[in-house]
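Residue numbers run from 1 in the order of the sequence given. Any value given below was found using the heavy atoms of this structure, including those in side chains, with hydrogens, waters and symmetry copies removed.
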Amino acid sequence: LTSVYLPLREIIDRDPNLDFEGLEHLHVVAIDDLDVVAGNLAWEEALMRCYNRMRAQANTHMVISAAASWQQMAFRLEDLRSRLAWGLTFRIQPLTDEALRQALKRCAKRRGMALNDEVCDFLLKRCPRDLGHLTQMLQELDEVSLSLQRKITIPLIKEIFTL
């Protein structure tokens, strides 16, 4: 499938018409930080035109994220607000410590590793708490523990990472 990711926070200084041109021919369009352009008429109009072209194609899917729900954003185009209401809306909550611990253990188990609560708590207290970063650390731990033929312990983690 063809796709594109548009981080609006990073491209807001560009011409929105250029960034939305031709997206209706892709399978998936992921737009991040919609809240950044709410109230910016040029961006709202470009997004609205793109949305309409995508609906006409009927084979393109749009995934949008924002720091707030579409109901809370100050859009100038009421039509854009109504189009956003057509789709599903999910509120994503950060994982609790217990959920992160369970996710780490599941990820480790899929890799054939065993993590005890002490090791999980150590990682959660000393590492960035996003799951992407934590799973990357698990991959590195797995590779090093396999090459050294050692279990994953707090002393091994301290040797590998400067935490």
Do [X] and [Y] have side-chain heavy atoms sitting under 4.5 Å apart?
| X | Y | value |
| --- | --- | --- |
| Leu47 | Ile31 | yes |
| Tyr51 | Leu80 | no |
| Leu141 | Phe161 | yes |
| Val63 | Val29 | no |
| Leu104 | Leu124 | yes |

Looking only at atom types and distance, does a side-chain atom of [X] sit under 3.5 Å from a main-chain N or O of [Y], one as donor and one as acceptor?
| X | Y | value |
| --- | --- | --- |
| Glu143 | Glu140 | no |
| Glu24 | Gln57 | no |
| Thr2 | His27 | yes |
| Arg55 | Arg83 | no |
| Thr60 | Leu26 | yes |
| Asp35 | Ala67 | yes |

Inset, instruction - Compute whether any side-chain donor of one residue and acceptor of the other, for Thr96 and Glu98, lie under 3.5 angstrom apart. - result: no

Looking only at heavy atoms, which two atoms of [X] and [Y] are closest? And how far apart?
| X | Y | answer |
| --- | --- | --- |
| Leu115 | Val119 | CD2-CG1, 3.7 Å |
| Leu134 | Cys127 | CD2-CB, 3.9 Å |
| Gly39 | Arg76 | O-CD, 2.9 Å |
| Cys120 | Arg101 | CB-CG, 3.8 Å |
| Met73 | Ala66 | CE-CB, 3.7 Å |
| Arg14 | Trp43 | O-CZ2, 3.6 Å |

Inset, instruction - Could you please spell out the steps behind the salt bridge (charged side-chain N to carboxylate O under 4.0 Å, His left out) verdict for Glu44 and Arg49? - result: CA-CA 9 Å; Glu44 287 185 25; Arg49 285 189 297 275; over 6 Å; no

Could you grab the distance from atom [atom1] of [X] to atom [atom2] of [Y], nearest 0.5 Å is fine?
| X | Y | atom1 | atom2 | result |
| --- | --- | --- | --- | --- |
| Ile152 | Ser145 | CD1 | OG | 4.0 Å |
| Lys109 | Leu138 | NZ | CG | 15.0 Å |
| Arg150 | Leu156 | CZ | CG | 4.5 Å |
| Arg53 | Phe20 | CZ | CZ | 9.0 Å |
| Ile11 | Asp33 | CD1 | CG | 9.5 Å |
| Ser65 | Tyr5 | OG | OH | 6.5 Å |

Inset, instruction - Could you tell me whether Asp32 and Arg9 have a side-chain N and a carboxylate O separated by less than 4.0 Å? - result: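 Salt bridge: no.
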
Legend entry - Leu34 reachable from Trp86 in the ILVMFWY side-chain graph, under 4.5 Å edges: yes

